[in-house]
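To keep things clear, I will list the structure first and then write my remarks on it.
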Number of protein chains: 2
Amino acid sequence: MDNNDRSNLNQRISVDCVIFGFDFEKLNVLLIKRKSPENGRLNQFSLPGDLIFETENLEQAAIRVLHDLTGLKDIFLEQLGAFSVDRHSNEEDRIWLRAVREQPEAHVITVAYYALVNLTSFELKPAYFASSASWQPIDEINSLAFGHMNILNNAHKQLRTKLKIQPIGFNLLPEKFTLSQLHKLYEVIVGKALDKRNFRRKLIKLQIVKKLDEKQVDVPHKPSNFYAFNTENYRKLVEDGFDNFGF
Amino acid sequence: MDNNDRSNLNQRISVDCVIFGFDFEKLNVLLIKRKSPENGRLNQFSLPGDLIFETENLEQAAIRVLHDLTGLKDIFLEQLGAFSVDRHSNEEDRIWLRAVREQPEAHVITVAYYALVNLTSFELKPAYFASSASWQPIDEINSLAFGHMNILNNAHKQLRTKLKIQPIGFNLLPEKFTLSQLHKLYEVIVGKALDKRNFRRKLIKLQIVKKLDEKQVDVPHKPSNFYAFNTENYRKLVEDGFDNFGF
DNA sequence: AATATTAAATGTCAATATGACACTAAGATA
DNA sequence: TATCTTAGTGTCATATTGACATTTAATATT
């Protein structure tokens, strides 16, 4: 910090959330659409986010946005970083900002978070956001408002990188899952085929999952056993200096 | 971003830089001290930083702070993330802020960056900062102003993590270095002894350094060969999907 | 000139981890 | 009872890791 204060600066801080959800087939992101202030039509998709309140810190703001949208608390949430919002890039964004903000020319930075949820385990909250919120397959998202595409790409990369080092993928699954579901999750996020037997071998060696006494029912094939993440063993691994999942 | 604008919000954005320097023995951080507005004495150390200008984005601000302090450009710089600054934590911080800021109660977030430099390759710039800037061994830093200790700890952790995955350590050395220097650097940052022969074996296998036709002179022992980072080979490795240094 | 001192440079072997590969098992359905 | 579908399992060859001690090349000392 510098000695010169510049009180005429006009700055705003927002948070935006990249909410990942896995439906056992593909990776999805929760996006919202807003009505255009000009013609009332829904315009481009964007990431859910909000300006931060005077009374909250960054993480609290992210948790609030997340909770308002999903009704969920205590979900995996991690900061991606701060992004300068280019106010002059996109005509449509400028129109929207002029209509909606009292100070459309304020210098905005946004702090992005990414969250991991199991999208089959809850309904989107029927709140103010809901009518315009929907899960979109990440592979089909080509453009977003407000430079959010850049944030999304960063989040996707971070998810891939982090998944290879820490077992955060479990946050995208329900408490009970099959090894096939976990295997599929890794293939989808890492982006390449992983040998089934080698994948299971590694999980067993690390003792990072525990086998439950419960199987799939009503499936027209051999039922899969359910497993749960072994929090306790993972904690021990980390204590012993384990720091690389290695997929 | 939300539809409700809150123009009475009073927000400031600053950048703070954790500048790491390696002196071939230990890891150091460039810190500054300011004069207390109350008694004119130098007070606690803090990270170099500044409020961001209206005309620059976050990274430009970090580059500016870095350049003002070191005179260096084109150095390794990466964002750590955004931190909420707790305005009410520390009595000394509050006194300083009240004296120096026109709006001492503004809600401040700071975006932290970390930079890697070879501290033997330049002199601190004799600019406005200089008289109060100095390198401090990271192991001897116990407290900093403005919650900067939290940022420093984050930066240290990130450096350790990243070093194990990407060869960023070369940024802490001069262009020509010996393998012993590199070895020492890894030991200091990773925080444990690494077998010399195994360390060299890995470097040779990856072909990530190239042997130069030049040796140490005037050393009272067998002179060490100089090496340089092999940018080209590293680029190829990354293209082929290499993503883990594995130390 | 001979010797001491210091850090540099180098190879092997056993243990572990990885990658590639194909068949049998268990349930539902026709 | 046959068929369909996905679950579940083992081996072997190769690559990687971790542990370990001696020789070399320069300066400094006597």
Side-chain angles (χ1 to χ4, degrees), chain A residues 23-26 164-165 167 173-174 176-188 190-228 237 240-247, chain B residues 23-26 164-165 167 173-174 176-188 190-228 237 240-247:
Chain A
D23 57 12
F24 305 121
E25 301 233 323
K26 56 194 176 338
K164 292 181 194 172
I165 296 172
L173 293 173
K176 297 170 183 179
F177 52 86
T178 72
L179 293 191
S180 295
Q181 291 169 342
L182 185 61
H183 181 219
K184 178 75 178 175
L185 186 154
Y186 270 82
E187 290 196 326
V188 164
V190 173
K192 66 179 180 196
L194 299 169
D195 182 87
K196 180 162 59 161
R197 279 170 291 190
N198 296 342
F199 181 82
R200 292 162 101 102
R201 175 173 59 190
K202 175 154 271 179
L203 290 173
I204 289 161
K205 192 199 61 184
L206 294 175
Q207 300 189 79
I208 214 162
V209 288
K210 54 178 171 238
K211 194 172 185 173
L212 302 177
D213 197 18
E214 190 179 347
K215 290 178 181 184
Q216 284 182 318
V217 289
D218 288 330
V219 286
H221 54 76
K222 178 171 175 176
S224 190
N225 218 298
F226 282 111
Y227 287 76
L237 272 180
D240 295 350
F242 168 83
D243 67 354
N244 197 319
F245 218 65
F247 284 111
Chain B
D23 57 11
F24 305 121
E25 302 232 323
K26 55 193 177 339
K164 292 182 192 173
I165 296 173
L173 293 173
K176 297 170 183 180
F177 51 86
T178 72
L179 293 191
S180 295
Q181 290 169 342
L182 186 60
H183 181 219
K184 179 77 178 175
L185 186 155
Y186 270 82
E187 290 195 324
V188 164
V190 174
K192 66 179 180 195
L194 299 169
D195 182 87
K196 180 161 61 159
R197 280 171 289 190
N198 296 342
F199 181 82
R200 292 163 101 101
R201 175 174 60 189
K202 174 154 272 179
L203 291 172
I204 289 160
K205 192 199 60 180
L206 294 175
Q207 299 190 78
I208 213 161
V209 288
K210 53 179 173 239
K211 194 171 184 171
L212 301 177
D213 197 18
E214 190 179 346
K215 290 176 181 185
Q216 285 182 318
V217 290
D218 287 333
V219 287
H221 54 76
K222 179 170 175 177
S224 189
N225 218 298
F226 283 111
Y227 286 77
L237 272 180
D240 295 349
F242 168 83
D243 66 354
N244 198 319
F245 219 65
F247 285 112

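Since the model is a prediction, treat every value here as computed from it, not as a measurement. In the text below, chain A, chain B and the rest are named by the order of the sequence lines, each starting its count at 1. Hydrogens, waters and symmetry mates are skipped; everything else that's a heavy atom, side chains included, is used.
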Worksheet item: Counting N and O atoms only, with roles assigned by atom type, does the side chain of A:Gln216 sit under 3.5 Å from a partner on the main chain of A:Ser224, one being a donor and the other an acceptor?
Response: yes

Worksheet entry | Atom-pair distance (CG on A:Asn244; P on C:dT18), nearest Å | 10 Å

Worksheet item: With a 4.0 Å cut-off on heavy atoms, is A:Val217 in touch with a base, just the backbone sugar-phosphate, or nothing at all?
Response: nothing

Practice prompt. Return the value, rounded to whole Å, for the distance between atom CD1 of B:Ile204 and atom C1' of C:dT10.
Written response: 9 Å

Worksheet item: Using a cut-off of less than 4.0 Å, is there contact between a side-chain N or O of A:Arg200 and OP1 or OP2 of D:dG8?
Response: yes

Fill in: Rounded distance (Å) that lies between atom C1' of D:dT14 and atom NZ of B:Lys205
13 Å

Worksheet item: Are OP1 or OP2 of C:dA8 and a side-chain N or O of B:Thr178 less than 4.0 angstrom apart?
Response: no

Discussion item. Please check this pair: side chain of A:Asp240 against backbone of A:Phe242, looking for a donor-acceptor N/O pair closer than 3.5 Å.
Written reply: no

Worksheet entry | B:Lys192 NZ to D:dA19 C1', straight-line distance once rounded to whole Å | 14 Å

Worksheet item: Can you check the A:Phe247 CZ to C:dT18 C1' distance for me, whole Å?
Response: 12 Å

Worksheet item: Which is it for B:Lys192 and B:Leu194 under the side-chain contact (heavy atoms from CB on, under 4.5 Å) test, yes or no, and what are the steps along the way?
Response: CA-CA 6 Å; B:Lys192 66 179 180 195; B:Leu194 299 169; 4.2 Å; yes

Practice prompt. Hey, which sits more toward the 5' end of DNA chain C by its nearest nucleotide, A:Asp218 or B:Pro220?
Written response: B:Pro220

Worksheet item: How many angstroms lie between atom OG1 of A:Thr178 and atom CZ of A:Phe226, to the nearest 0.5 angstrom?
Response: 7.0 Å

Practice prompt. Please state whether the phosphate of C:dG27, meaning OP1 or OP2, lies under 4.0 angstrom from any side-chain nitrogen or oxygen of A:Lys215.
Written response: yes

Worksheet, complete the sentence: Testing D:dT9, D:dA26, D:dC20 for proximity to the side chain of B:Asp195, the answer is D:dC20

Worksheet item: Is B:Lys202 near enough to D:dT17 that one of its side-chain N or O atoms lies under 4.0 angstrom from OP1 or OP2?
Response: yes

Worksheet entry | Per A:His221 side chain, nearest of listed nucleotides D:dT5, D:dT27, D:dA25 | D:dT5

Worksheet item: Among the nucleotides D:dA19, D:dT11, C:dA9, which one has an atom lying closest to any side-chain atom of B:Ser224?
Response: C:dA9

Practice prompt. Give a yes/no answer on whether the side chain of A:Ser180 brings an N or O atom under 4.0 Å of OP1 or OP2 in D:dT6.
Written response: no

Worksheet item: A:Lys222 has a side chain; which of D:dT6, C:dA28, C:dC13 sits nearest to it?
Response: D:dT6

Worksheet, complete the sentence: B:Asn198 CG to C:dT12 C1', in whole Å, measures 11 Å

Practice prompt. Could you tell me the separation between the CZ atom of B:Phe199 and the P atom of D:dT16, rounded to a whole number of Å?
Written response: 18 Å

Practice prompt. Rounded off to whole Å, could you give me the CZ-to-P distance for the A:Arg201 and C:dG19 pair?
Written response: 8 Å

Worksheet entry | Under-3.5 Å donor-acceptor pair between A:Arg197 side chain and C:dA22 base | yes

Worksheet item: Under 6.0 Å from the NZ atom of A:Lys164, do we count more than 12 heavy atoms belonging to anything else shown?
Response: yes

Worksheet item: Using the ring of each side chain (for Trp, its six-membered ring), is A:Tyr186 parallel, tilted or perpendicular to A:Phe245, with breaks at 30° and 60°?
Response: parallel

Worksheet item: Looking at C:dA8, does its base get a donor-acceptor pair with the side chain of B:Asn225 below 3.5 Å?
Response: no

